[in-house]
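Have a look at the structure below before the remarks.
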Protein chains: 2
Amino acid sequence: MAEIDTQTRTERLAGQIADAIIEGALPPGSRLDEQGLADRYGVSRTPVREALRQLGTTGLIDIRPRRGAIVSEITHAQLQELFVAMGELEATCARLCAISMTPIERRGLEALHESMQQLATQDQARDPESYVLANVAFHSKIYSGSHNAILADMASSLRRRLSPYRRAQFRSAGRLQMSYAEHQVVVAAIIRGDAETAHSSMLRHVSFVEDAVEKMTPVKP
Amino acid sequence: MAEIDTQTRTERLAGQIADAIIEGALPPGSRLDEQGLADRYGVSRTPVREALRQLGTTGLIDIRPRRGAIVSEITHAQLQELFVAMGELEATCARLCAISMTPIERRGLEALHESMQQLATQDQARDPESYVLANVAFHSKIYSGSHNAILADMASSLRRRLSPYRRAQFRSAGRLQMSYAEHQVVVAAIIRGDAETAHSSMLRHVSFVEDAVEKMTPVKP
DNA sequence: TTCAGATAAATTGCATGCATAAATAAGCGG
DNA sequence: CCGCTTATTTATGCATGCAATTTATCTGAA
């Protein structure tokens, strides 16, 4: 048998349900039946309810009193706001990176970015998976490089919340190379400590992502 | 009898407990005994637990598995990070205000700010209460003026989370006039649409607040 | 057919009970 | 007197049960 029971059922559930949403198994609008989830994960309704309430405050799901919870459905306007917010947060993190990343962190970021060149240029139609993974790592490095756990948490929380809407984004033609080129500007600015450019180029990068998503995501009015 | 039972016990509890923390009735480190809270508010442990879990995800309280919940205690370093994060968020909101506030919103902000001049100059030792209230309204206007509900929520959530540590801040000598003068720069920049200055001056304003708080808040290492 | 109202089924909100891990107190050897 | 082990107590985590509300189903009339 494994080891750590240090985690409570509720916490584990919150993670599992969140993952299911992020991975798309539970698309926006899905009803989150308490008993159903309890059966599905082999627990009672109590920890399910606590997990749902936790996810509710993150915005991932929407709890409607006496009417059950659903995976958050988002209007077009709200989706835009989410992207703007994430863009501003990531841009802020990037600016802080330019100011306060350690030399080691700068080297690490640069190295990761360079390793992504191959992933971006290899046959993208076949498998953007590895680039997507590296991309998450890239943005995580930006978050942690800000040296501010609060901003980092907010940014990754937003990223999670948006993930149901970005799934297919990297499948569009040339998006990988575009993304890589945008990263290039951000990284260069951070490396040379140019806070303003780091900020503005990251803002632009995220807004490009937004454009790419908008072209393909049908969201109800 | 009143009317709306549209709100669930859990939600009401979450609000009441949060208020108690914000108002200082439950200082950082306080133990949040489930049964005690249940008795105190005349409910069972179940809604208390759900409310606590909700507050846990906002960061207001700290839930330690199997060891109960306490009002979040914060190290000096974390307090600094919180202030930096809030500063960056408010600065971002201020920048967005400069870009996208409507003429009516600009007028409203200016009017509120002007009304605060009297509150700042009147005998401050006696009663900073009214200025504190107006100050909350001022920053709320900045949040809503960003026209981004996500950023606004994050900023006000952070403000709530910091409120236990800012209570006595405005009692220090001359802090009111200082605050008013700092606001002046921010408002002027927003009114004339100077995004960069709005951002940098708000950042400076919040960091002054941080300084004022640090001088008086004893936080354990 | 479609829609209104009534009835039945399903689901949420909350209280309660119990097992188990922590915290606390008691006992014991040093 | 003090530290460490062991019992006792307390509190948390979770399951279960019930009342109330929502949602689905059924009936009948326009």
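On a predicted model such as this, the values are computed, not experimentally measured, just so you know. Every chain is numbered from 1 and lettered A, B, ... according to where its sequence line falls, protein lines coming before strand lines.
- Under the rule for a side-chain hydrogen bond (donor to acceptor under 3.5 Å, both in side chains), B:Asp33 has no partner lying at least two apart in sequence or in another chain.
- Looking at residues two or more places apart in sequence or on another chain, you find a salt bridge (charged side-chain N to carboxylate O under 4.0 Å, His left out) between B:Arg45 and B:Glu34.
- Residues passing the side-chain hydrogen bond (donor to acceptor under 3.5 Å, both in side chains) test with A:Thr46: none are found, sequence neighbours excluded.
- For the salt bridge (charged side-chain N to carboxylate O under 4.0 Å, His left out) test, residues two or more places apart in sequence or in another chain that qualify with A:Glu90 are A:Arg159.
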Under 3.5 Å, N/O pairs linking protein and nucleotides 11-15 of chain C:
unit_1: C:dG13; atom_1: OP1; unit_2: A:Arg66; atom_2: N; d: 2.8
unit_1: C:dG13; atom_1: OP2; unit_2: A:Arg49; atom_2: NH1; d: 2.7
unit_1: C:dG13; atom_1: OP2; unit_2: A:Arg49; atom_2: NH2; d: 3.3
unit_1: C:dG13; atom_1: O3'; unit_2: B:Thr8; atom_2: OG1; d: 3.2
unit_1: C:dG13; atom_1: N7; unit_2: A:Arg45; atom_2: NH2; d: 3.0
unit_1: C:dG13; atom_1: O6; unit_2: A:Arg45; atom_2: NH1; d: 3.2
unit_1: C:dC14; atom_1: OP1; unit_2: B:Thr8; atom_2: OG1; d: 3.2
unit_1: C:dC14; atom_1: OP1; unit_2: B:Arg9; atom_2: N; d: 2.6
unit_1: C:dC14; atom_1: OP1; unit_2: B:Arg9; atom_2: NE; d: 3.2
unit_1: C:dC14; atom_1: OP2; unit_2: B:Thr8; atom_2: OG1; d: 2.7
unit_1: C:dC14; atom_1: OP2; unit_2: B:Thr10; atom_2: OG1; d: 3.3
unit_1: C:dA15; atom_1: OP1; unit_2: B:Ser44; atom_2: N; d: 3.3
unit_1: C:dA15; atom_1: OP2; unit_2: B:Ser44; atom_2: N; d: 2.7
unit_1: C:dA15; atom_1: OP2; unit_2: B:Ser44; atom_2: OG; d: 2.4
unit_1: C:dA15; atom_1: O5'; unit_2: B:Ser44; atom_2: OG; d: 3.4
unit_1: C:dA15; atom_1: N7; unit_2: B:Thr46; atom_2: OG1; d: 2.9

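- Considering only residues two or more places apart in sequence or on other chains, A:Glu88 meets the salt bridge (charged side-chain N to carboxylate O under 4.0 Å, His left out) condition with B:Arg95.
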For nucleotides 6-10 of chain C, give me every protein contact, N/O to N/O, under 3.5 Å, one pair per line with atom names.
none

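- Residues satisfying the side-chain hydrogen bond (donor to acceptor under 3.5 Å, both in side chains) criterion with B:Thr10, sequence neighbours excluded, are B:Glu50.
- Residues satisfying the salt bridge (charged side-chain N to carboxylate O under 4.0 Å, His left out) criterion with B:Glu11, sequence neighbours excluded, are absent altogether.
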